[in-house]
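Taking it in order: structure first as structure tokens, then the write-up.
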Amino acid sequence: MTTITTTVPAPTRLGPPPARVKPLSAFATLSRRRFALSASTPRELLVPLLTPILFAVVIAPALAKMVGIGNGLDYKTYVAVGTVGLLVPLSCMFAGLGVIVDRDSGARRELLAAPIPRPLLVFGNLSVALVVSALQLVALMVSAILRGASFDVSTSGIAWFVAAALAFAVFSYGLAETLANRIPKQEEYIGAVPAFAILPWFLAGSLFPIKALPAGLAVFAKLLPLTHALAVMRYALVDPHGTGLHDIWGMSNPTAMAAMSLAVVAAYAVVLTMVAIKAFNRVAVQ
Amino acid sequence: MVSRSDPLSHLVEPMIEVRGLRKTYPGGVEAVKGIDFEVDTGEVFGLLGPNGAGKSTTIGMLTTTIAPTGGSARLAGFDVATEPIAARAVSSVVFQDAVVDRGLTGRRNLDIHARLWGVDPATAKVRIAEVVDSVGLTELIDRPVGSYSGGQRRRLEIGRALVSRPRVLFLDEPTVGLDPRIRYELLDVIKELRERSEMTIMLTTHYLDEAERLCDRVAIVHAGRIVALDTPEALLATLGREIVEVRMHDHPEAALASFRSKGIAGDDAFSVGSTVTIPWHDGSASQAVSVIGEIGLPTAAISTRRPTLDDVYLRLTGDRLAA
């Protein structure tokens, strides 16, 4: 018996494999897009600056004439650093508005249909929020210096400051992105800004040391990432003895305390970024 | 286009392959109830149905913005669930609503699409110039999209989808909300695209003329299911050469039974509301009118016309397509 065998080709994919977009290239495109959108709405850049600059150049110098903070610290300078804790959350919350606009009337669905890993959309927005916050922060510090604030600048101090500000900004943007994805309406989001961006500022040692708070609130303040970020930033530029860090940790080695506080802020930043990506994915893919 | 009658067609995967695709939203709403279809390379395939039929959910699943709860779908051989990035890389989509960055120029919108779909900058520049010319936006392309009219914006979105030269183009209700003149202009753009390229196009619509004019095959969707799938001509042929509509003063069901008993209407005749619709397969419609008149039933009006896909939909579902 003769057996005739034939090979039936397996079904083939149609055409060559599609070009893979490099994540870094996609990230750069998304960042440029977000920056162009932010630049097209200058109020997004300017409005968050108003209140912190008002505090740094008007209110803090006025209060400095009335109160002393002790430990040889200049109150103007003390509050100038404290206003960073107001500026960064406000700036990031404004960046969160862009997420809502993208979702409601922008190009989010087009971006979701792009052949890129979707968390890049969050990272693209984050990168621009960081750049905008940094520019605003520079403007704030220059304003404070022009008004008489005096910073103790060293290379290691700048490194501590930048690390703390960066980690806190990442945390703040993670919070803003999470809220923007979980809150259905822009009006409700704006209503949530004071609770998340302003209220913690009053409790985190921005205007006075946390040891001046009632005991219960002081414990609560130690849980806030802003308290840790401000203590590290002051240690970096104003308070080399780490008085604010001591109020949190009760230890005597300021560098160790600064490292621990920075770790706390970084941990908050990582967790909130992961939460933000999860919130984004939940809304983006039904 | 790979012909469906080609004996070797089974050796090549269809460009779009959908098997038992299902979507149940949280809360239990079953938007898509297990649909199957294949679309060949170069084919224009339409999903025709009213709002809420499950068309956009189907597109959402194929573009990986909606996660299926059952079944599978492949684009150019790439599974949308397990290879979503590859599936997105071979496709582009024009959404039902405007999905653009209004604060950016038209050119910037196109450039962002090109970059995200992996088109190198030099090629993107050339393609953008071609696309802008073909959709007639040369004068506007460097203006912010916020200043565009609805029709201009939609043309920009179609152009944007073409910049990456997708193998599969999804058009989700591409002309909804546009005034008639712009709608017909856009249909011409899509028709030209169909004639000039080998791109596979899948469009959803609830406009009958769009489906008839543009599609090689149409799937009629009702309540999350495909109730008919064929060429527009074949679907229309099921209703004969002409449709006789008889509007009754009352008792349309009794009239339908009477027409059937006298051999005027067949099993494909149906009644909805006060109207009895009779597909007329043989002879002229004027014959039908005179035969119905001779029966002596109390009719309010009798009219004849060519069948439409709305009639097909009406016969299959008991509902009308057009709002």
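Quantities reported herein were computed from a predicted structural model and do not represent experimental measurements. Labels below follow one simple rule: chain letters A, B, ... track the order of the sequence lines, proteins then strands, and each chain is numbered from 1. FYI, side chains are in, hydrogens and waters are out, and symmetry mates aren't considered; it's all heavy atoms of this structure.
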Note to self: If we define contacts as heavy-atom pairs under 4.5 Å, which of K22(A), R108(A), R109(A) has the most with chain B?
What the structure shows: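 Top count of heavy-atom pairs under 4.5 Å with chain B: R109(A).
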
Next item on the list: Go through the atoms of A284(A) and report whether side chain, backbone, both or neither lie under 4.5 Å from a heavy atom of chain B.
Entry: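 Just its backbone gets close to chain B.
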
Notebook entry, point to check: By a 4.5 Å heavy-atom criterion (distance strictly below it), what part of S105(A) contacts chain B: side chain, backbone, both, or neither?
Noted result: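 S105(A) touches chain B through backbone and side-chain heavy atoms alike.
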
Notebook entry, point to check: What part of R115(B) lies closer than 4.5 angstrom to a heavy atom of chain A: side chain, backbone, both or neither?
Noted result: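 The answer is both parts of R115(B).
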
Margin query: Is V100(B) close to chain A through its backbone or its side chain, or both, or neither, when contacts mean heavy atoms under 4.5 Å?
Written below: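 Contact with chain A is through the backbone of V100(B) alone.
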
Looking only at heavy atoms, what is the nearest atom pair of [X] and [Y], with distance?
X       : Y       : result
V94(B)  : A161(B) : CG2-CB, 3.8 Å
A169(A) : L130(A) : CB-CD2, 3.5 Å
M141(A) : A80(A)  : SD-O, 4.5 Å

Check: Where along residues 122-130 of chain B does a heavy atom come under 4.5 Å of chain A, listed by residue number?
Finding: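 Contacts with chain A: none.
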
Check: What residues of residues 17-33 of chain B sit under 4.5 Å from chain A when only non-hydrogen atoms are counted?
Finding: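 From residues 17-33 of chain B, the residues near chain A are K23(B), Y25(B).
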
Notebook entry, point to check: Taking only residues two or more places apart in sequence, or in another chain, which ones meet P117(A) in a side-chain contact (heavy atoms from CB on, under 4.5 Å)?
Noted result: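 Scan of P117(A) (side-chain contact (heavy atoms from CB on, under 4.5 Å), adjacent residues dropped) gives P119(A), L120(A), I85(B).
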
Margin query: Which residues pass the side-chain contact (heavy atoms from CB on, under 4.5 Å) test with S172(A), not counting sequence neighbours?
Written below: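 Scan of S172(A) (side-chain contact (heavy atoms from CB on, under 4.5 Å), adjacent residues dropped) gives V88(A), P89(A), C92(A), F168(A).
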
Margin query: I'd like to know if D101(B) pairs up with R108(B) as an ion pair, taking the criterion as any Lys NZ or Arg NE/NH1/NH2 lying under 4.0 Å from an Asp or Glu carboxylate oxygen.
Written below: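 A salt bridge is absent here (no side-chain N lies under 4.0 Å from a carboxylate O).
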
Any side-chain heavy atom of [X] sitting closer than 4.5 Å to one from [Y]?
X       : Y       : value
T65(B)  : R118(A) : yes
V99(A)  : Y173(A) : yes
N281(A) : K278(A) : no
N51(B)  : H206(B) : yes

Next item on the list: Would you check if the side chain of T204(B) reaches a backbone N or O of D172(B) as a donor-acceptor pair within less than 3.5 Å?
Entry: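 It does not hold such a pair.
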
Next item on the list: Could you label the plane-to-plane angle of the F45(B) and F37(B) rings as parallel, tilted or perpendicular, counting under 30° as parallel and over 60° as perpendicular?
Entry: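 Aromatic pair F45(B)/F37(B) classed parallel.
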
Checklist line | Residue selection (most heavy-atom pairs with chain A, distance under 4.5 Å) from H113(B), M61(B), R160(B) | finding: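 With the most close heavy-atom pairs to chain A, the winner is R160(B).
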
